[in-house]
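Written below as structure tokens is the structure these notes are about.
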Amino acid sequence: MLESMNKKTLVIIGSSIIGLIVFLLIVVWLISIIKPHYYTYEEFETKVSEAAKSYYKNNPTALPSTDGEYNMSYNTLVEGEYVKPLNEMLKDGDNCTVQILVTKYSDNYSYIPYLNCPGSYETKELYKVISENNPVVEKGSGLYSDGNGGYYFRGEITNNYVQLGTYGETKKDQSPYLWQILGIESDGSVKIRSTVGTTKRYAWDDRYNEEKHSSYGYNDFELSRLKEALISLASGNEILSDTYKNKLVAKELCIGKRKADDTTKDGSTECSIKSESKYLFGALTPYEVMRISLDDNCKVANSLSCANYNFLSTKLNSVEWSITGLDGTTDSSFYIKNGSLTASKNNTQRKLYVVAYINKRTFYKSGTGTSADPYIIR
């Protein structure tokens with residue numbers, strides 16, 4: 001009898017517990033229905049981008065047909081029930097505005113929502129954050145105007161690092177791939193230079209030079225091994241995976257030759273000739289190295305003073321090819337060693353520290369720009 005009562009008691013208790021759990025689950029479900037789900041700002045941006053992509057997939061005739069940038073109204077997505085009104089998506093949605101930028105370049109489309117919630121959040125491109133953090137100066141270390149709508153860093157600055165990708169032979173050995181920001185172009189793209197050299201060494205060129213009767217090669221970029229190497233690196237994954245390469249924009253390269261006694265630092269020599277094609281990766285030119293230095297004695301490319309007060313020579317120990325041939329010769333090109341420049345035979349094997357351009361429409365996520373806290377993009 002007692003045993004029978006104990007069993008009944010256990011059944012009643014068990015049933016009560018199960019009933020309570022079911023009740024709580026129903027309450028939670030009802031609350032989830034009544035209480036709206038708010039997204040974080042970054043989650044919202046992702047949702048809107050995906051919604052715009054879905055809208056155009058279902059309405060292909062609405063897609064822009066010519067290259068350029070176009071505005072899309074958020075209400076278009078709301079009316080099509082691809083998203084909900086702002087105040088149902090964001091906790092402070094009543095105070096926010098959003099505009100969607102649709103860009104078309106060749107066969108590639110992107111859908112970028114610009115969200116502005118005054119006092120709380122604003123979608124910002126990397127180049128804008130760099131500009132805000134570095135007011136333009138006219139002396140000392142800092143960000144300088146190039147006089148053509150662009151900007152470049154000079155001196156021994158320490159807040160011009162951005163992380164783009166990782167490197168290492170195995171997943172356990174992965175380290176952040178840091179790049180130094182050289183400057184901001186007039187179109188808003190951010191010019192960067194890798195701080196990690198290639199695993200392989202390359203000759204600038206090593207073809208047989210008839211004039212020199214030796215395999216010193218020719219310092220004509222369009223016919224060089226250097227050109228082949230840059231194309232190969234851009235197509236492979238040694239430097240960046242496709243995910244990160246999509247953050248870059250291809251550009252023409254400055255491939256003009258430079259004389260040893262040339263004193264220009266404005267690119268008028270090297271950029272007098274541009275490459276026939278656009279490239280994802282390039283290499284430094286002498287004028288870029290020279291103008292970074294604050295030393296007045298840096299007057300010609302091969303002056304050792306060019307390494308002084310130059311962020312390329314601090315905390316780095318690199319020997320790398322530049323993209324520039326030595327004018328007046330066919331067999332020699334400039335290379336860079338710790339911030340100073342020298343010319344050597346083209347067939348010498350050296351590492352490459354590539355130069356690239358981050359697309360204007362790349363967004364800032366976090367970081368102050370130091371090597372310990374680099375800018376992080378998304």
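When reading the values below, keep in mind they use all heavy atoms of this one structure, side chains included, and skip hydrogens, waters and symmetry mates.
- Between the side chains of E270 and T285, not a single donor N or O lies within less than 3.5 Å of an accepting N or O.
- Rounded to the nearest 0.5 Å, atoms CZ (R258) and OG (S333) are 13.5 Å apart.
- In this structure, Y127 places its OH atom where more than 12 heavy-atom neighbours from other residues, nucleotides or ligands lie under 6.0 Å away.
- Side-chain atoms of N148 and D146 include no donor-acceptor pair closer than 3.5 Å.
- Once rounded to the nearest 0.5 Å, the distance linking NZ of K299 with CG of D261 reads 14.0 Å.
- Note that CD of E222 and OG of S277 are 6.5 Å apart. Values are rounded to the nearest 0.5 Å.
- Taking the six-membered ring where tryptophan is involved, the planes of Y109 and Y111 are essentially parallel, since the angle between them stays under 30° and well short of 60°.
- A side-chain donor-acceptor contact under 3.5 Å links D262 and T269.
- When only modelled atom types and interatomic distance are considered, T362 and E125 share no side-chain donor-acceptor pair under 3.5 Å.
- Counting only heavy atoms from C-beta outward, the side chains of L284 and W321 never approach each other to under 4.5 Å.
- Atom CG of L253 is separated from atom NZ of K274 by 9.0 Å, given to the nearest 0.5 angstrom.
- Tracing side-chain contacts under 4.5 Å through hydrophobic residues (I, L, V, M, F, W, Y), one reaches I323 starting from I231; they form part of the same cluster.
- Residues S371 and L178 share a closest heavy-atom pair of O-CD1, 3.7 Å.
- N219 has its side chain within reach of T329: a pair of non-hydrogen atoms, C-beta onward, lies under 4.5 Å apart.
- In summary, the side chains of T103 and S110 do present a donor paired with an acceptor at a separation below 3.5 Å, with no hydrogens or angles considered.
- Geometrically, R291 engages Y152 in a cation-pi contact defined by less than 6.0 Å to the ring centre and at most 45° from the axis.
- Using a 4.5 Å cut-off between side-chain heavy atoms of Ile, Leu, Val, Met, Phe, Trp and Tyr, with links allowed through other members, L230 and V196 fall into the same hydrophobic cluster.
- Within 6.0 Å of the NZ atom in K91, the count of heavy atoms belonging to other residues, nucleotides or ligands does not exceed 12.
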**OP:** Given ring pair (Phe, Tyr, Trp, His ring centres under 6.0 Å), test W204 with Y202 step by step and report yes or no.
**Re:** CA-CA 6 Å; W204 207 102; Y202 299 87; over 10 Å; no
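- Residues L182 and L294 do not share a hydrophobic cluster, clusters being chains of Ile/Leu/Val/Met/Phe/Trp/Tyr side chains in contact below 4.5 Å.
- Taking all atoms of both residues into account, the shortest heavy-atom contact from L352 to A229 is CD1-CB, 4.0 Å.
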**OP:** Please lay out, stage by stage, how F363 and Y114 fare under the test ring pair (Phe, Tyr, Trp, His ring centres under 6.0 Å).
**Re:** CA-CA 10 Å; F363 295 119; Y114 281 83; 5.6 Å; yes
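- Here the side chains of V83 and E88 are not in contact, with every heavy-atom distance at 4.5 Å or above.
- Side chains of D331 and N346: no donor on one and acceptor on the other come within 3.5 Å.
- For the residue pair S344 and R350, a side-chain donor N or O sits within less than 3.5 Å of a side-chain acceptor on the partner.
- A donor and an acceptor atom, one from each side chain of Y309 and S305, are nowhere located under 3.5 Å apart.
- Around atom CD of E138, no more than 12 heavy atoms belonging to other residues, nucleotides or ligands sit under 6.0 Å away.
- Of the possible donor and acceptor atoms, one in the side chain of K265 sits under 3.5 Å from a partner among the backbone N and O of C298.
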Per-pair distances, 0.1 Å, donor-acceptor, side chain in residues 51-58, under 3.5 Å, sequence neighbours excluded:
| from | atom 1 | to | atom 2 | distance (Å) |
| --- | --- | --- | --- | --- |
| S54 | OG | E50 | O | 3.1 |
| N58 | ND2 | S54 | O | 3.3 |
| N58 | ND2 | Y82 | OH | 3.1 |

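- Using modelled atom types and a 3.5 Å distance limit, the side chains of N347 and D206 yield no donor-acceptor pair.
- Contact record, P64 with Y70: CB-CE1, 3.3 Å, taken as the closest heavy-atom pair.
- To the nearest 0.5 Å, atom OG of residue S340 and atom OH of residue Y335 are 7.5 Å apart.
- When only modelled atom types and interatomic distance are considered, S293 and D295 share no side-chain donor-acceptor pair under 3.5 Å.
- Residues I292 and Y144 are members of separate hydrophobic clusters, defined by side-chain heavy-atom contacts under 4.5 angstrom among Ile, Leu, Val, Met, Phe, Trp and Tyr.
- One finds the CD1 atom of I184 at 5.5 Å from the CG atom of L143 (value rounded to the nearest 0.5 Å).
- Proximity of L248 to I358: side-chain heavy atoms (C-beta onward) are separated by under 4.5 Å at one or more points.
- In this structure, K251 forms a cation-pi arrangement with Y357, its terminal cationic atom sitting closer than 6.0 Å to the ring centre and no more than 45° off the ring axis.
- By the 4.5 Å heavy-atom criterion applied to side chains, L77 and V48 are counted as neighbours.
- Linking Ile, Leu, Val, Met, Phe, Trp and Tyr residues whenever their side-chain heavy atoms come within less than 4.5 Å leaves L164 and V249 in two separate clusters.
- No donor-acceptor pair under 3.5 Å is formed between the side chain of N359 and the backbone N or O of K247.
- The two residues A301 and C306 make their nearest non-hydrogen contact at O-SG, 4.4 Å.
- Neither side chain, T198 nor E238, offers a donor N or O lying under 3.5 Å from an acceptor on the other.
- Panel note: side chain S268, backbone T264; no donor-acceptor pair is recorded below 3.5 Å.
- Counting only N and O atoms by type, the side chains of T97 and N116 include no donor and acceptor under 3.5 Å apart.
- Between the side chains of E211 and T330, at least one donor-acceptor pair of N or O atoms lies under 3.5 Å.
- Residues N159 and Y375 bring no donor and acceptor atom of their side chains to less than 3.5 Å of each other.
- Other residues, nucleotides and ligands place more than 12 heavy atoms under 6.0 Å from the NZ atom of K360.
- Counting non-hydrogen atoms of neighbouring residues, nucleotides and ligands closer than 6.0 angstrom, the CD atom of E122 exceeds 12 such neighbours.
- Summarising the geometry of K245 relative to L240, their closest heavy-atom pair is CE-O, 3.3 Å, with the distance given to 0.1 Å.
- Across every non-hydrogen atom of Y74 and M89, the tightest pair is OH-CG, 3.8 Å.
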